[in-house]
Amino acid sequence: MSIKILVINGPNLNLLGMREPDIYGSTTYDGLLELISAEADRLGIEVTFFQSNHEGDIVDSIQRAYRKIDGIIINPAAYTHTSIAILDAIKAVGIPTIEVHISNPDLRENFRKTSFIRPACIATIKGKGLQGYVEALKSLYKYLTDN
Ligand code: CA2
């Protein structure tokens, strides 16, 4: 049975490639899904995607993953800096999770320096553009096959 990974993207990431290319690049959200899917195929991983602009829907998607999904990659976007609910959901399901940020929030405004999600994750990858998701997939694959 193949490894199942869920990739969750938070608010406004559906706008990738349409605005702020200087920060987030010019690849669209669909382009991101293609990039991740290509790497998942190479690794023989089953990957599913979820994007929402709503905190509760993201919590629901994490809860649905319980006992169905082996690993989660999440870019909670702005909820990174505010959401105890997403932190609690990741802790509650106990699924190995990697946090990804396209930009490096530490080098931006002060309010982006805190991640509420970080304590529940096995790793954080930031500032590597969309390639960060590919790196997260490889790391999660290694973690899940080693453990
Ligand atoms: O660098 C990241 O990946 C962020 O998670 C992106 C969030 C931001 O609030 C975090 O501090 C860092 C914002 C996502 C907004 O995405 C857009 C994409 C294209 C155009 C406009 C917004």
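Start at 1 and go down the list; that is how both ligands and their atoms are numbered.
Both Tyr133 and Ile3 belong to a common hydrophobic cluster when Ile, Leu, Val, Met, Phe, Trp and Tyr are linked at side-chain heavy-atom distances under 4.5 angstrom. Linking ILVMFWY side-chain heavy atoms closer than 4.5 Å, directly or via other members, places Ile69 and Ile73 in two distinct hydrophobic clusters.
A salt bridge between Asp106 and Arg112 is absent, with no side-chain N of the basic residue lying under 4.0 Å from a carboxylate O of the acidic one. The pair Glu135-Lys128 meets the salt-bridge criterion, since a charged nitrogen lies less than 4.0 angstrom from a carboxylate oxygen.
Atom 1 (O) of ligand 1 has Ser103 OG, 2.5 Å as its closest protein atom, hydrogens excluded (heavy atom only). Scanning the protein heavy atoms around atom 9 (O) of ligand 1, the nearest turns out to be Arg112 NH1, 2.9 Å. Shortest contact from atom 15 (C) of ligand 1 to any protein heavy atom: Asn12 CB, 3.7 Å.
The atoms of ligand 1 that sit less than 4.0 Å from any heavy atom of Asn75 are 2 (C), 3 (O), 5 (O). Close approach to Glu20 involves these atoms of ligand 1, each under 4.0 Å from a residue heavy atom: 21 (C), 22 (C). Which parts of ligand 1 touch Ala78 is read off a 4.0 Å heavy-atom cut-off, strictly below it: atoms 9 (O). Residue His81 has at least one heavy-atom neighbour below 4.0 Å for each of these atoms of ligand 1: 10 (C), 11 (O). When each atom of ligand 1 is checked for a heavy atom of Leu13 under 4.0 Å away, the hits are 14 (C), 16 (O).
Taking NZ from Lys91 and SG from Cys121, the interatomic distance works out to 11.0 Å, rounded to the nearest 0.5 Å.
Here Lys126 has no heavy atoms under 4.0 Å from ligand 1, in either its backbone or its side chain. At a heavy-atom distance under 4.0 Å, atoms from both the backbone and the side chain of Ile102 approach ligand 1.
With Tyr141 as the aromatic partner, Arg42 does not meet the cation-pi criteria of under 6.0 angstrom to the ring centre and within 45 degrees of the ring axis.
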